[in-house]
**Q** 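A single structure is presented below for examination.
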Amino acid sequence: MRLIYMGTPDFAVPPMEMLAQAGHEIIYAVTQPDAVRDRGKKVKFSPVKEKAIELGIPVLQPSKIRKNEEFAQLLREAAPDAAIVSAYGKILPAGILNIPKYGCLNIHGSLLPRFRGAAPIQAAIIAGDEETGVTIMHMDEGLDTGDMVAKAATPIGSKTCEELHDELAEMGAKLITETLEDIEGALRRAEKQDDALSTYAPMLSKADGHIDFSLSPEEIERRIRAFDPWPGSYTEMNGKTYKLWKAVALDQKTDAAAGTVVAAGKDGLDISAGGRILKVTQIQAPGKKRMETGDYLRGNVIEIGTVLR
RNA sequence: CGCGGGGUGGAGCAGUUGGUAGCUCGUCGGGCUCAUAACCCGGAGGCCGAAGGUUCAAGUCCUUCCCCCGCAA
């Protein structure tokens, strides 16, 4: 089929690659404009752009798509059968959605209608759900409200966001490729979302990573996993910011104030949280790499009674 | 050229005003012990990120480069 592919981050790379491999003709890869980012303030291409260049696919990077006649015209001239959208970063207006023959299909990282929005993978982990997955939907003008065309699920277990992300990206690639094998049948079987069951997963910010030790150890542990690798769960200790990357919730109760270090040993750092203990096993000091708490304590001292905030 | 921290035995850290490297842990051997992540004794293991330079002498000063990381985006 003749496809337009719209996506930006790593999550959107595997599907584009698999579709290209499956023999589809990707007329354009549409992605967000290059941005200044990273250390050194370098101009970085989006992962989708990098891959598109590698695959020899022409790249479009409109800064806005609403009321952008030039962009719309290019799409019309491409005469696509469908547009595949995955974490593109902008909501598409009706004028664009209607251009492809079969409309636009979106790959979303959750089991819709649960977790519509920008951070579905993280939200599923934080919520403590047993499983999550990917959903292919036939896009409409709303935010992740289109009819559902296909779904695949996977258990969350103790996976981090990064692990789930990579897994779901692959699942999404497979699912969209399969869907396109019989797109007419898939669209015929499309199922409406039950709005009553919908939840929203807002975009994360750096501040979301700040650890609130009044939460239960279990909740904090889930957030640590959800925010790995970004934005990272951090806390302030003795005036410096530390990131916590691995922890386990213990049943053991404590009277110590929330955030107090009650024990520091080779097996971890025990911190009071929500009346019980959160044992931190992997930590990162500023300017340092992630390391096991035991390793960190070999060359650094954390005194019992230190309070994290 | 956005700001900043760092690269030292397997791991984490020290290393003073430059004078041939130290701590904690691990590891190996031995001892003590009912026993132990305990304790005691002993040993192995380091081209101090790379390349130049200054110097009688550099981990420690200067230059260039490589790599890792935090902030900010």
Side-chain angles (χ1 to χ4, degrees), chain A residues 7-13 30-51 53 59 61-65 87-90 117-119 121-122 160-163 165-166 201-213 220 223-248 250-252 254 259 261-271 277-309:
Chain A
T8 299
D10 289 315
F11 186 77
V13 170
V30 184
T31 192
Q32 294 294 322
D34 302 335
V36 173
R37 56 182 59 162
D38 274 342
R39 270 173 227 126
K41 228 178 160 187
K42 287 176 283 233
V43 174
K44 293 279 285 183
F45 293 171
S46 76
V48 163
K49 179 172 177 178
E50 299 268 8
K51 179 57 75 177
I53 291 171
V59 175
Q61 300 177 278
S63 56
K64 63 167 191 173
I65 50 178
Y88 171 58
K90 282 186 167 65
I121 304 174
Q122 294 86 337
T160 64
C161 177
E162 183 171 38
E163 291 164 346
H165 168 279
D166 294 350
M203 190 179 299
L204 295 176
S205 79
K206 188 86 191 166
D208 291 312
H210 184 72
I211 298 171
D212 176 0
F213 286 101
I220 296 174
R223 295 174 72 87
I224 288 175
R225 268 190 291 127
F227 299 154
D228 180 357
W230 194 89
S233 292
Y234 61 90
T235 186
E236 197 169 291
M237 174 164 62
N238 299 325
K240 290 180 181 170
T241 301
Y242 287 75
K243 287 185 179 175
L244 310 184
W245 291 116
K246 297 276 184 206
V248 290
L250 304 184
D251 271 333
Q252 191 184 332
T254 177
V261 173
V262 297
K266 56 181 8 175
D267 62 335
L269 192 63
D270 292 2
I271 301 168
I277 301 288
L278 180 75
K279 183 181 282 291
V280 178
T281 57
Q282 196 178 68
I283 192 171
Q284 180 174 25
K288 295 298 198 176
K289 303 185 194 186
R290 296 181 181 199
M291 62 182 86
E292 301 306 308
T293 308
D295 288 344
Y296 178 79
L297 290 173
R298 268 185 211 115
N300 300 276
V301 179
I302 297 178
E303 290 181 27
I304 308 299
T306 303
V307 178
L308 313 185
R309 8 183 135 260

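Keep in mind that what you see is a predicted model, and the values were worked out from it rather than measured. Every chain is numbered from 1, with letters handed out A, B, ... down the list of sequences.
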**Q** Phosphate oxygens OP1/OP2 of rC13(B): is one of them under 4.0 Å from a side-chain N or O of Lys288(A)?
**A**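 For Lys288(A), the contact criterion (side-chain N or O under 4.0 Å from OP1 or OP2 of rC13(B)) is met.
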**Q** Carefully, step by step, assess Ser46(A) and Thr8(A) under the rule side chain to side chain donor-acceptor pair (under 3.5 Å).
**A** CA-CA 6 Å; Ser46(A) 76; Thr8(A) 299; 5.3 Å; no
**Q** Using a heavy-atom cut-off of 4.0 Å across all strands, would you classify Lys42(A) as base, sugar-phosphate, or nothing?
**A**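 If one applies the 4.0 Å heavy-atom cut-off, Lys42(A) turns out to touch nothing in the nucleic acid.
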**Q** Check the distance between rG70(B)'s C1' and Ile283(A)'s CD1 and give it to me in whole angstrom.
**A**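 The distance from CD1 of Ile283(A) to C1' of rG70(B) comes to 14 Å, rounded to the nearest Å.
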**Q** Rounded to whole angstrom, note down the P distance from rA51(B) over to rG59(B).
**A**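 Those two atoms are separated by 13 Å.
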**Q** I need the CZ-P distance between Arg290(A) and rG12(B), as an integer number of Å.
**A**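 After rounding, the reported distance stands at 15 Å.
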**Q** At 4.0 Å (heavy atoms only), tell me whether Gly294(A) reaches a base, stays on the sugar-phosphate, or touches nothing.
**A**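 Nothing: the residue Gly294(A), judged by heavy atoms under 4.0 Å, touches no strand.
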**Q** Using purine N1 to pyrimidine N3 plus N6-O4 or O6-N4 for Watson-Crick, or N1-O2 and O6-N3 for G-U wobble, both under 3.5 Å, which nucleotide pairs with rC39(B)?
**A**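 Paired with rG31(B).
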**Q** Check whether any side-chain N or O of Asp228(A) sits under 3.5 Å from a backbone N or O of Ile224(A) as a donor-acceptor pair, and report yes or no.
**A**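 Here the side-chain-to-backbone pair does not exist.
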**Q** Take atom P in rU60(B) and the same atom in rC28(B), then report the distance between them in whole Å.
**A**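 Comparing P positions in rU60(B) and rC28(B) gives a spacing of 34 Å.
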**Q** Measure the shortest side-chain to side-chain distance between Lys49(A) and Gln61(A) over non-hydrogen atoms and say whether it is less than 4.5 angstrom.
**A**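 Yes - at least one pair of side-chain heavy atoms lies under 4.5 Å apart.
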**Q** Looking across every strand, which nucleic acid part, if any, lies under 4.0 Å from Asp267(A) by heavy atom: base, sugar-phosphate, or nothing?
**A**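 Here Asp267(A) touches no strand at all.
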**Q** Kindly determine whether Gln284(A) and Lys289(A) satisfy side chain to side chain donor-acceptor pair (under 3.5 Å), including the steps that lead there.
**A** CA-CA 6 Å; Gln284(A) 180 174 25; Lys289(A) 303 185 194 186; over 6 Å; no
**Q** Would the distance check show the side chain of Asp208(A) and the main-chain N or O of Ser205(A) forming a donor-acceptor pair, the cut-off being under 3.5 Å?
**A**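 Present.
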**Q** Would you compute the distance between atom CG of Leu308(A) and atom CG of Leu269(A) and round it to the nearest 0.5 angstrom?
**A**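 Spacing of CG (Leu308(A)) from CG (Leu269(A)) equals 7.0 Å.
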**Q** Find the distance Asn300(A):CG to rC25(B):C1' and express it as a whole number of Å.
**A**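 After rounding, the gap between these two atoms is 13 Å.
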**Q** For the side chain of Thr293(A) and the backbone of Gln282(A), is there at least one donor-acceptor N/O pair under 3.5 Å apart?
**A**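 Indeed, once roles are kept as given, a pair shorter than 3.5 Å links the two residues.
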**Q** Using the P atoms only, state how far rG46(B) lies from rA11(B), rounded to an integer number of Å.
**A**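 Looking at atom P only, rA11(B) and rG46(B) are 13 Å apart.
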**Q** Figure out the OH/C1' separation between Tyr296(A) and rA14(B), and round it to whole Å.
**A**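 About 14 Å, once rounded to whole Å.
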**Q** Determine the interatomic distance between P on rG4(B) and the same-named atom on rG43(B); round to the nearest Å.
**A**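 Here rG4(B) and rG43(B) have their P atoms 46 Å from each other.
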**Q** For atom C1', what is the distance between rG7(B) and rG49(B), given to the nearest Å?
**A**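 It comes out at 6 Å once rounded to the nearest Å.
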**Q** Atom CH2 of Trp230(A) and atom P of rA73(B): how far apart are they, to the nearest Å?
**A**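 My rounded result for the distance is 11 Å.
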**Q** Using the P atom on both, measure rG31(B) against rG15(B) and round to a whole Å.
**A**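 Rounded to whole Å, the distance is 39 Å.
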**Q** Using atom C1' of each nucleotide, how far apart are rA73(B) and rA57(B) to the nearest Å?
**A**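 Per the computed distance, 47 Å lies between those C1' atoms.
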**Q** Let's test your reading of the model: under 3.5 Å, does the base of rG26(B) pair with the side chain of Arg298(A) as donor and acceptor?
**A**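 No, the side chain and the base share no sub-3.5 Å donor-acceptor pair.
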**Q** Is Lys41(A) close enough to rC71(B) that one of its side-chain N or O atoms is under 4.0 Å from OP1 or OP2 there?
**A**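 No, no such contact exists.
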**Q** Quantified in whole Å, what is the C1' atom distance between nucleotide rU24(B) and nucleotide rG52(B)?
**A**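 The answer is 36 Å between these two C1' atoms.
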**Q** Go ahead and name the base partner of rC3(B); Watson-Crick or wobble counts if both distances stay under 3.5 Å, otherwise write none.
**A**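 Paired with rG70(B).
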**Q** Whole angstrom is fine here: how far is it from NZ in Lys44(A) over to C1' in rA72(B)?
**A**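 Rounding to the nearest Å, NZ of Lys44(A) and C1' of rA72(B) are 16 Å apart.
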**Q** Return the nucleotide paired to rG52(B): Watson-Crick means purine N1 to pyrimidine N3 with N6-O4 or O6-N4, wobble means G-U with N1-O2 and O6-N3, both under 3.5 Å.
**A**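 Base partner found: rC62(B).
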**Q** For Met291(A) and Trp245(A), find the nucleotide of RNA chain B closest to each by heavy atoms; which residue's nucleotide sits nearer the 5' end?
**A**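 Here Met291(A) is the residue nearer the 5' end.
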**Q** Nearest-Å distance, NZ (Lys289(A)) to P (rG49(B))?
**A**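 Taking NZ of Lys289(A) and P of rG49(B), I get 14 Å after rounding.
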**Q** Mind calculating the distance between CD (Gln284(A)) and C1' (rG12(B)) to the nearest angstrom?
**A**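 Spelled out: CD on Gln284(A) to C1' on rG12(B) is 15 Å.
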**Q** Can a side chain N or O of Arg39(A) be found less than 4.0 Å away from OP1 or OP2 on rG70(B)?
**A**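 Affirmative; the distance criterion is met.
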